[in-house]
Structures are given as C-alpha cells and as structure tokens.
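Quick notes on the structure that follows.
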Amino acid sequence: MAAEVKLAVRGAGKRYGEMDALKDCSLDVAPNSIVSIVGPSGCGKTTLLWSMSGLHGLTSGEVLLDGRRITGPHPDIGLVFQEANLLPWRNLMDNILFPFEVKHQKPDHGWIAHLLERVGLTGFEKNFPNELSGGMQQRASIVRALSLRPSVLLMDEPFGALDAFTREEMNQLVEEIWMETHTTIVFITHSIEEALFLSDKVVVLTPRPGRVLNTYEVPFERPRTMEIMAGKEVYDLTYRIKADIYGQSRMQARAAE
Ligand SMILES: Nc1ncnc2c1ncn2[C@@H]1O[C@H](COP(=O)(O)OP(=O)(O)OP(=O)(O)O)[C@@H](O)[C@H]1O
Ligand SMILES: [Mg+2]
C-alpha cells in the first residue's frame, strides 16, 4: 500500500525545551489529495507543517515523501504561509522569479504566465506588493510556490488574514488549481467550512501535545457546489468536527480549574 501514500508522518514528536508540541503524531496524505489539518490554537499544526517541509526537524519520528525520509528542505515541496511574504522592493514578477534566482534554476515563463492568468493577476506583473490588495498578494504567493512545480504544496492558514468573501474566492481558486494540477495539498485552517470545501480528508488534532484525534473522509465530488456545501452531510461533518475541537477545549478548561 506504500504507493498510495505521498507524504507520511510517523510517530512525530517535537519538544521545545520541557514542552511537547507534538507527541506520537502520525498521518498519511494520499497522492493528489487535499488534506486539511484543524485543531485548537497552539496544538502544534504549524510545527507539524514545518516538519513536513523539512525546514524544521522533529525530536522523534519521521516524515516520508514518496517513501523516503525528509531530512531538509526539498525541491518537491512548496510552502504558502498566512502572510504572502513578498519582498517589498521587488515587483510581482521579480518576486515570483526570486526563488529561481536563489536556486539558480531556469523559470518556465509560459507556466508562470499561465498561473498568473489562472489567478487573475495578468497585467500586474510590474506592480509592487504595496500596490496589490491582500488577496492579490496571497494569490501571488501561491503562484510563486506553484511556479516551481512542487508535487506537494503545504499551506499554513493561507487565507486567515483575508475577509470572508475574498476567502471564499480563494478557496474556489485552490479548488480550480487542484483540478488542473492535482498537486497534493496539506492545508492548515481554523475554518471547518474551508476544510470541508477543499479537502478529501480532514484531520483533527488534539490540544498540545498535538496528535491525531480523528480523521474524517470528505467524499463529495468536485467542483463542490453551494448545494453540496449547504447539505446535511456537510452539516453533520461540521457538527462532529466542532464537537471534537470545542469538547476538547472545554475539558481542558475544566482540568485547569
Ligand atoms: N520555536 C519555538 N520555540 C518554543 N516553542 C515553540 C516554538 N514554536 C512553537 N512553539 C510552541 O509550540 C506549541 C505549538 O505551536 P504551533 O505554532 O505549532 O501551534 P499551532 O497549532 O500552529 O497554533 P495556531 O493555531 O495558533 O497557529 C505552542 O505552545 C508554541 O508556543
Ligand atoms: Mg499555526
């Protein structure tokens, strides 16, 4: 069954000093799937994502990409954060080209132009970040990540700073991009609605130290219509995931009393 797993986290543990951020956390991400990770604030989601990227090591356990252990940053893995992190002194195109310069790699200009068109940024190539809205900056950071053609895209609350309408647009954009590229995506969010709209699987983590509490399959076809998203199955899943998360924090608060 190894061929069915693109990214595997096995018994991940991460200690910061005396504190366990992750403990015995294991999950599988199937190739070409979208997996969302939700859980209470501070439960270790970002820690987990960084370990998947190879940028931060684990204290115990391992992360496998295509069956091989990740020991450092990997060219096959792209990252998108809550902040777009564009360089303010470079225009949009030069921001997208920056990783290619760092890696001494030749950019595929045709692919970049296609991605810019896909996300509605054609014509803004010469604009500087302060001339772009928050949503446009975030779209640019998605293009920057995808221009390198990663087989895995890791996204840490990429739309958390955007207003609700822009966020919905961005969710549709990710869905469209996924339907075209089938890039494997791991997506961290605090929005259960967003998780259910985008994912094949939602993983709920426990409060710190984070490990997997529950995993929910989301079997709806794509594109996911408003009818699907307003349906009883989505309602039921939302309820169960909320019960997982809020039930936990309430129990935590009681334990602290
Ligand atoms: N570099 C670090 N040094 C020490 N402690 C850290 C470090 N990074 C994270 N932590 C701690 O590890 C725990 C998990 O942090 P992490 O950022 O992974 O949580 P999170 O689930 O992403 O939270 P949020 O939902 O608020 O983004 C937190 O208690 C945090 O304070
Ligand atoms: Mg985080």
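In listed order, ligands and their atoms are each counted from 1. Side chains included, hydrogens not; waters and symmetry mates left out as well; all remaining heavy atoms used. Just so it is clear, the structure is predicted and the values come from calculations on it, not from any experiment.
Judged as a side-chain contact (heavy atoms from CB on, under 4.5 Å), and not counting sequence neighbours, the contacts of His56 are Trp50.
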Go through Lys232 and Asp236 one step at a time and tell me if the salt bridge (Lys or Arg N to Asp or Glu O under 4.0 Å) criterion holds.
CA-CA 6 Å; Lys232 172 138 177 26; Asp236 288 345; 2.8 Å; yes
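The number of heavy-atom neighbours closer than 6.0 Å to NZ of Lys201, taken from other residues, nucleotides and ligands shown, is above 12.
Side chains of Tyr216 and Asp244: a donor on one and an acceptor on the other come within 3.5 Å. Residues Glu169 and Thr166 bring no donor and acceptor atom of their side chains to less than 3.5 Å of each other. Thr184 and Asn32 are not linked by any side-chain donor-acceptor pair at a separation below 3.5 angstrom, with hydrogens and angles left out of the test.
Protein residues are said to neighbour a ligand when one of their heavy atoms lies under 4.0 Å from it; for ligand 1 these are Tyr16, Met19, Ala21, Ser41, Gly42, Cys43, Gly44, Lys45, Thr46, Thr47, Glu157, His190, Arg208.
Here the shortest heavy-atom pairing between Leu121 and Met136 reads CD1-O, 3.7 Å. Looking at every heavy atom in both residues, Arg139 comes nearest to Val119 through NH1-O, 2.8 Å.
For residues 90-136, every residue pair satisfying the ring pair (Phe, Tyr, Trp, His ring centres under 6.0 Å) rule, not counting sequence neighbours, is listed here: Trp111-His114.
Protein N/O/S atoms closer than 2.8 Å to the Mg ion (ligand 2), listed by chain and residue number, are Thr46 OG1.
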